[in-house]
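Have a look at the structure below before the remarks.
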2 protein chains.
Amino acid sequence: MARLPEYLRALHNLAETGHETISSEGLANAAGVNSAKLRKDLSQLGSYGTRGVGYDVGLLIEQIEYVLGLTQRRAVALVGVGNLGHALAGYDGFATRGFRIAALFDADPGRVGEEINGLVVRHIDELPQVAADESIAIGVIATPAAAAQQVADQLVAVGVTSILNFAPCVLSVPPGVDVRKVDLAIELQILSFHEHRKASLTAFPTTGGSALTALPNGFVVTESQEAIGT
Amino acid sequence: MARLPEYLRALHNLAETGHETISSEGLANAAGVNSAKLRKDLSQLGSYGTRGVGYDVGLLIEQIEYVLGLTQRRAVALVGVGNLGHALAGYDGFATRGFRIAALFDADPGRVGEEINGLVVRHIDELPQVAADESIAIGVIATPAAAAQQVADQLVAVGVTSILNFAPCVLSVPPGVDVRKVDLAIELQILSFHEHRKASLTAFPTTGGSALTALPNGFVVTESQEAIGT
DNA sequence: AGGCGCTTGTGAAGACGTGCACAAATCGCG
DNA sequence: CGCGATTTGTGCACGTCTTCACAAGCGCCT
Ligand SMILES: NC(=O)c1ccc[n+]([C@@H]2O[C@H](COP(=O)([O-])OP(=O)(O)OC[C@H]3O[C@@H](n4cnc5c(N)ncnc54)[C@H](O)[C@@H]3O)[C@@H](O)[C@H]2O)c1
Ligand SMILES: NC(=O)c1ccc[n+]([C@@H]2O[C@H](COP(=O)([O-])OP(=O)(O)OC[C@H]3O[C@@H](n4cnc5c(N)ncnc54)[C@H](O)[C@@H]3O)[C@@H](O)[C@H]2O)c1
């Protein structure tokens, strides 16, 4: 499940604040989900709760970390040490959440050799050698969109089977390779959509029956239109 | 729909490469989705396709931008000009995708006054005044997790109803306020989970011959494990 | 020992998303 | 003008996810 990491983060917070056990209600609250959903998720891992008491925080952390494959600290290769890449390279969230930045790569000779956070930027052509030494589990792409596909191909070629892509484009990869995408503009546009919807609703406070977005061509407001789900 | 921004990006690409019309198949391909799903999505906006021909790229861009509320360039306030905040402030993807960074805020007096990309960092206490001048549509939180809730409260207090949160924590906001979250570590952990799953599968080669070459660490896990859906 | 309150785990029902498959509609061409 | 090629729009079925509601289990207190 994609919610396990969220539970894990909440559990770590709880552990730091001294909680030994936690009820599904409390954990669901901390993770921002429904308690029934959380119980169903956790029951998939096995039954690690005690009725009448709750879940053992430490044990649950262990279990989730095992299922997520965080028992080994996975090596991450970051490609594209530009604006965003610098921020990522300097981010301590990698280390504290089970990952290790193993190498930084860039194509710009001007950037190669630069040291960031104790790591030296290497040229992208050195990727095969580095991959031979270190077993790279995950590749992160922070290059411009135009270069992303090429970088993805290079990562796949050296055996990387998981890619996190920050470039706003779709990557095509062979089966067996997982790609996740983070696109800031898409997040903003989704928020903008909700803003627009909220504005339309308050502008025409009808009975509030069916929520209907406004008209395309700037036509008269009396007309109504289908709502679009989230 | 959350897929509309993806379609929009693909459409802009198509427009730049000179396409006047595009079939659902072609657009679905460019956006990485099923063509039936895409047609169903677009049909929710109204019928802007021509059977036997496809969709008019320009018209469709207009329609989607309208529905997403991108006809006006929305003002974004960025709070927390640290490691990540710098990268975001210098990102041109805001401007090219329908947004405008209206103001930068930070609580550190040492950062206040710094100029980034033509914008001056202001103290977070000035937020009410700035919000009075500019109509801020979206707030972006790039502060440490410990400060995120407080910043969210401040944003809500000045009338912001959409928040993009980069801090790894859950925000509680009053109803009517939308929050979207971007958590890098969660993305990595989901990838790690799939890695773990793939490793378990290749460790016990049943019959299927996948094209994967190198074995993982030759690690043998005697314990079998439940498969968990994505 | 027994009862009581609390919490888990799960069955069932409903909502939702997805993809197939096909009728309807449009264009181009002879 | 008519026909075939092409593509949209959508009914339908199916699987997944979500939520409610409740029985079963556990610990504590009397
Ligand atoms: N900056 C942000 O806040 C932000 C936010 C969201 C998404 N993004 C996306 O992240 C990507 C990077 O953004 P940025 O602002 O850091 O851009 P940038 O131009 O500052 O950095 C890009 C880096 O990639 C390197 N590069 C180019 N081609 C390469 C290749 N083939 N192999 C290896 N390295 C290569 C460049 O030398 C440069 O250092 C872009 O696709 C952008 O759209 C950025
Ligand atoms: N750096 C990354 O690549 C990255 C990636 C993903 C998530 N994040 C998250 O983004 C957040 C910021 O990360 P960072 O690396 O930029 O941290 P950072 O410490 O470099 O920057 C945080 C900034 O927020 C400011 N700040 C603190 N409290 C504030 C307040 N109450 N009001 C206004 N500003 C305040 C600080 O002065 C500082 O400038 C963190 O929550 C981090 O977990 C960072």
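Residue numbering restarts at 1 for every chain, and letters A, B, ... go by the order of the sequence lines.
- The distance from atom CG of B:Asp41 to atom P of C:dG17 is 10 Å, rounded to the nearest whole Å.
- Evaluation of atom-type donor-acceptor distances gives no pair under 3.5 Å for the side chain of B:Arg51 against the base of D:dT7.
- If you measure from atom NE2 of A:His19 to atom C1' of C:dT7, you get 16 Å, rounded to the nearest angstrom.
- Across the protein-nucleic acid pair, A:Leu38 atom CG and D:dC17 atom P stand 16 Å apart, rounded to whole Å.
- Remark: A:Arg3 is in phosphate contact with D:dT18, judged by side-chain N or O atoms under 4.0 Å from OP1 or OP2.
- Within the structure, a side-chain polar atom (N or O) of B:Ser47 is placed less than 4.0 Å from OP1 or OP2 of D:dG9.
- When the side-chain nitrogen and oxygen atoms of B:Ser24 are compared with OP1 and OP2 of D:dT8, one or more of them lie within a distance under 4.0 Å.
- Phosphate proximity of C:dT7 to A:Tyr48: absent, as no side-chain N or O sits under 4.0 Å from OP1 or OP2.
- Contact of the A:Tyr91 side chain with the B:Leu184 side chain is registered, since non-hydrogen atoms from C-beta on lie closer than 4.5 Å.
- With a 4.5 Å cut-off on side-chain heavy atoms, B:His12 and B:Val57 do not count as touching.
- Residue A:Lys40 places a side-chain atom within donor-acceptor reach of the base of D:dT19, judged by atom type and a 3.5 Å distance cut-off alone.
- Annotation: the terminal axes of the helix from C:dA1-D:dT30 to C:dG30-D:dC1 meet at 0°, where each axis is the rotation carrying the C1' atoms of four end pairs onto the next four (5 pairs per end, rounded to 10°).
- Here D:dT10 is the nucleotide among C:dT8, D:dT8, D:dT10 with the atom lying nearest to any side-chain atom of B:Ser43.
- Side-chain atoms of B:Glu65 and B:Thr71 include no donor-acceptor pair closer than 3.5 Å.
- Taking the nucleotide of DNA chain C with the nearest heavy atom to each of A:Ala36 and A:Val53, the more 5' of the two is matched to A:Val53.
- Atom NZ of A:Lys37 and atom P of C:dA13 are 21 Å apart (whole Å).
- For the pair B:Arg39 CZ and C:dT26 P, the computed distance is 16 Å after rounding to whole Å.
- A side-chain donor from one of A:Gln149 and A:Asp153 sits under 3.5 Å from a side-chain acceptor of the other.
- For D:dC17, the OP1/OP2 oxygens have no side-chain nitrogen or oxygen of A:Asn34 closer than 4.0 Å.
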Would you sort out whether B:Lys181 and A:Glu6 count as a salt bridge (Lys or Arg N to Asp or Glu O under 4.0 Å), showing the intermediate values?
CA-CA 11 Å; B:Lys181 181 188 28 156; A:Glu6 194 72 45; 2.4 Å; yes
